[in-house]
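Structure first, commentary second.
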Amino acid sequence: SVELMESGGGSVQAGGSLVLSCKASRSTGSGFCMAWFRQIPGKEREGVVAMNDDGSNRYAASVKGRFTVSRDSAKTTLYLHMNNLKPDDTAVYYCAADDFGDSDYCREMNSVDFGYWGQGTQVTVAS
(Lines give C-alpha, C1' and ligand atoms only; values in the text may rest on other atoms or scores of the structure.)
Protein backbone atom coordinates (compact mmCIF):
# COMPACT_ATOMS: atom_id res chain seq x y z
CA SER A 1 0.00 0.00 0.00
CA VAL A 2 1.11 3.56 -0.70
CA GLU A 3 -0.20 6.79 0.73
CA LEU A 4 0.08 9.94 -1.35
CA MET A 5 0.02 13.48 -0.06
CA GLU A 6 -0.29 16.47 -2.40
CA SER A 7 0.60 20.04 -1.63
CA GLY A 8 1.16 23.30 -3.46
CA GLY A 9 -2.22 24.21 -4.89
CA GLY A 10 -3.58 27.73 -4.76
CA SER A 11 -4.84 30.65 -6.77
CA VAL A 12 -2.89 32.47 -9.44
CA GLN A 13 -3.48 34.92 -12.28
CA ALA A 14 -3.39 33.70 -15.85
CA GLY A 15 0.19 33.46 -17.03
CA GLY A 16 1.42 32.66 -13.56
CA SER A 17 3.11 29.56 -12.18
CA LEU A 18 2.58 27.00 -9.44
CA VAL A 19 4.43 23.91 -8.29
CA LEU A 20 2.57 20.90 -6.94
CA SER A 21 4.23 18.20 -4.87
CA CYS A 22 3.18 14.62 -4.22
CA LYS A 23 4.98 12.63 -1.56
CA ALA A 24 4.65 8.86 -1.46
CA SER A 25 4.76 7.07 1.88
CA ARG A 26 7.38 4.57 0.75
CA SER A 27 10.11 4.26 -1.80
CA THR A 28 9.17 2.79 -5.11
CA GLY A 29 10.57 0.11 -7.37
CA SER A 30 10.76 -1.01 -10.96
CA GLY A 31 7.50 -0.50 -12.83
CA PHE A 32 6.09 1.97 -10.32
CA CYS A 33 4.22 4.80 -11.99
CA MET A 34 3.27 8.16 -10.49
CA ALA A 35 0.98 10.58 -12.25
CA TRP A 36 -0.99 13.79 -12.00
CA PHE A 37 -4.65 13.95 -12.93
CA ARG A 38 -7.09 16.83 -12.73
CA GLN A 39 -10.84 17.08 -12.51
CA ILE A 40 -13.43 19.80 -12.71
CA PRO A 41 -17.00 19.28 -11.48
CA GLY A 42 -19.13 17.32 -13.90
CA LYS A 43 -16.23 16.06 -15.98
CA GLU A 44 -14.12 12.94 -15.97
CA ARG A 45 -10.74 12.89 -14.33
CA GLU A 46 -8.14 13.83 -16.95
CA GLY A 47 -4.57 12.62 -17.08
CA VAL A 48 -2.02 15.44 -17.03
CA VAL A 49 1.32 13.64 -16.92
CA ALA A 50 2.62 10.25 -15.88
CA MET A 51 6.16 9.27 -14.99
CA ASN A 52 7.42 5.72 -14.78
CA ASP A 53 10.10 4.48 -12.44
CA ASP A 54 12.64 4.61 -15.26
CA GLY A 55 11.95 8.31 -15.76
CA SER A 56 9.99 8.00 -18.97
CA ASN A 57 6.96 10.25 -19.05
CA ARG A 58 4.00 11.31 -21.11
CA TYR A 59 2.15 14.62 -21.08
CA ALA A 60 -1.39 15.45 -22.09
CA ALA A 61 -1.41 17.59 -25.23
CA SER A 62 -3.15 20.40 -23.39
CA VAL A 63 -0.22 20.95 -21.01
CA LYS A 64 2.78 19.98 -23.14
CA GLY A 65 5.31 22.79 -23.23
CA ARG A 66 3.82 24.50 -20.18
CA PHE A 67 3.98 21.83 -17.46
CA THR A 68 7.06 19.87 -16.43
CA VAL A 69 7.20 16.80 -14.22
CA SER A 70 10.19 15.97 -12.03
CA ARG A 71 10.96 13.94 -8.93
CA ASP A 72 13.49 13.76 -6.16
CA SER A 73 16.44 11.39 -6.15
CA ALA A 74 14.70 9.04 -3.74
CA LYS A 75 11.80 8.72 -6.23
CA THR A 76 9.30 9.33 -3.44
CA THR A 77 8.25 12.87 -4.33
CA LEU A 78 6.79 13.87 -7.68
CA TYR A 79 6.63 17.51 -8.67
CA LEU A 80 4.50 19.27 -11.25
CA HIS A 81 5.87 22.61 -12.38
CA MET A 82 3.03 24.52 -14.02
CA ASN A 83 3.92 27.58 -16.07
CA ASN A 84 1.87 29.95 -18.22
CA LEU A 85 -1.26 28.83 -16.44
CA LYS A 86 -4.59 29.38 -18.13
CA PRO A 87 -8.11 29.60 -16.70
CA ASP A 88 -8.81 26.20 -18.33
CA ASP A 89 -6.20 24.70 -15.99
CA THR A 90 -8.50 25.39 -13.04
CA ALA A 91 -9.29 22.04 -11.42
CA VAL A 92 -8.63 19.80 -8.47
CA TYR A 93 -5.30 18.13 -9.12
CA TYR A 94 -4.78 14.59 -7.88
CA CYS A 95 -1.65 12.55 -7.52
CA ALA A 96 -1.99 8.89 -8.42
CA ALA A 97 0.30 5.88 -8.36
CA ASP A 98 0.41 2.17 -9.01
CA ASP A 99 2.76 -0.63 -9.87
CA PHE A 100 2.30 -1.54 -13.51
CA GLY A 101 5.33 -3.75 -14.06
CA ASP A 102 6.20 -3.96 -17.74
CA SER A 103 2.77 -2.92 -19.01
CA ASP A 104 1.89 0.30 -20.84
CA TYR A 105 -0.67 1.40 -18.26
CA CYS A 106 1.53 4.26 -17.10
CA ARG A 107 1.77 5.83 -20.57
CA GLU A 108 -1.94 5.20 -21.21
CA MET A 109 -2.76 7.33 -18.16
CA ASN A 110 -6.26 6.00 -17.56
CA SER A 111 -7.55 6.93 -14.12
CA VAL A 112 -9.32 3.58 -13.68
CA ASP A 113 -5.99 1.77 -13.74
CA PHE A 114 -4.50 3.62 -10.77
CA GLY A 115 -5.13 2.18 -7.33
CA TYR A 116 -3.56 4.81 -5.10
CA TRP A 117 -4.75 8.40 -4.92
CA GLY A 118 -4.03 11.52 -2.96
CA GLN A 119 -6.72 13.75 -1.51
CA GLY A 120 -6.42 16.38 -4.23
CA THR A 121 -5.36 20.01 -4.22
CA GLN A 122 -7.26 22.90 -5.78
CA VAL A 123 -5.66 25.02 -8.49
CA THR A 124 -7.54 28.14 -9.53
CA VAL A 125 -6.39 30.35 -12.39
CA ALA A 126 -8.09 33.72 -12.70
CA SER A 127 -8.36 35.46 -16.06
Side-chain angles (χ1 to χ4, degrees):
S1 178
V2 177
E3 294 182 4
L4 304 171
M5 181 66 69
E6 303 108 332
S7 61
S11 297
V12 66
Q13 292 291 115
S17 300
L18 283 173
V19 180
L20 305 183
S21 300
C22 172
K23 183 165 178 59
S25 60
R26 63 167 172 82
S27 59
T28 61
S30 176
F32 198 81
C33 174
M34 294 182 74
W36 288 100
F37 288 80
R38 63 187 183 186
Q39 188 171 26
I40 60 176
K43 290 200 171 183
E44 291 188 0
R45 201 163 287 190
E46 170 194 30
V48 176
V49 60
M51 176 178 274
N52 213 339
D53 181 72
D54 63 4
S56 60
N57 55 61
R58 179 191 167 215
Y59 292 89
S62 57
V63 305
K64 208 168 186 178
R66 299 187 298 122
F67 291 11
T68 303
V69 67
S70 66
R71 66 185 175 192
D72 66 349
S73 57
K75 300 183 182 179
T76 58
T77 303
L78 191 73
Y79 302 98
L80 183 64
H81 303 258
M82 305 185 292
N83 298 314
N84 191 20
L85 282 159
K86 304 175 181 180
D88 285 350
D89 296 318
T90 296
V92 177
Y93 283 71
Y94 295 91
C95 179
D98 213 316
D99 187 348
F100 294 135
D102 294 331
S103 74
D104 290 331
Y105 289 151
C106 190
R107 283 187 54 83
E108 292 174 0
M109 233 177 353
N110 289 321
S111 61
V112 296
D113 293 325
F114 286 79
Y116 304 109
W117 292 87
Q119 80 287 355
T121 184
Q122 176 71 43
V123 171
T124 302
V125 184
S127 57

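The model shown is predicted, which means the values in this text are computed figures rather than measured ones. Only heavy atoms go into these numbers, but all of them, side chains included; no hydrogens, no water, no symmetry mates.
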With a cut-off of 6.0 Å (strictly less than), are more than 12 heavy atoms of other residues, nucleotides or ligands near CG of D102?
-> no
Kindly check if the number of other-residue, nucleotide or ligand heavy atoms within 6.0 Å of OH (Y59) is above 12?
-> yes
Consider only side-chain heavy atoms of I, L, V, M, F, W and Y, link residues closer than 4.5 Å, and tell whether [X] and [Y] are in one cluster.
X   : Y    : answer
L20 : V2   : yes
L18 : V48  : yes
L78 : F37  : no
L4  : M109 : no
L85 : Y79  : no

Measure centre to centre between the rings of Y94 and Y116, then say whether the value is under 6.0 Å.
-> no
Among T90, V63, L80, V123, find the residue that satisfies the side-chain contact (heavy atoms from CB on, under 4.5 Å) test when tested with R38.
-> V63
Of K23, Q119, M5, M34, the residue whose pairing with C95 passes side-chain contact (heavy atoms from CB on, under 4.5 Å) | M34
R45 vs W117, side chain to side chain contact (heavy atoms under 4.5 Å, CB included): CA-CA, chis, key distance, verdict = CA-CA 12 Å; R45 201 163 287 190; W117 292 87; 3.2 Å; yes
Could you grab the distance from atom [atom1] of [X] to atom [atom2] of [Y], nearest 0.5 Å is fine?
X    : Y    : atom1 : atom2 : answer
S21  : R71  : OG    : CZ    : 15.0 Å
M51  : D54  : CE    : CG    : 9.0 Å
N52  : R58  : CG    : CZ    : 13.0 Å
S111 : Q39  : OG    : CD    : 8.0 Å
R107 : N57  : CZ    : CG    : 8.5 Å
S11  : Q122 : OG    : CD    : 7.5 Å

Closest contact, heavy atoms only, S127 versus A14 | CA-CB, 4.3 Å
Report the relative orientation of the aromatic rings in F114 and F100; use parallel for angles under 30°, tilted for 30 to 60°, perpendicular for over 60°.
-> perpendicular
F67 vs Y93 aromatic rings, parallel, tilted or perpendicular, using cut-offs 30° and 60°?
-> tilted
Just by distance, do the side chain of [X] and the backbone of [Y] share a donor-acceptor pair under 3.5 Å?
X   : Y   : value
E6  : C22 : no
N84 : K86 : no
D72 : T76 : yes

Flag side-chain contact, heavy atom, 4.5 Å: N83 against S17 | yes
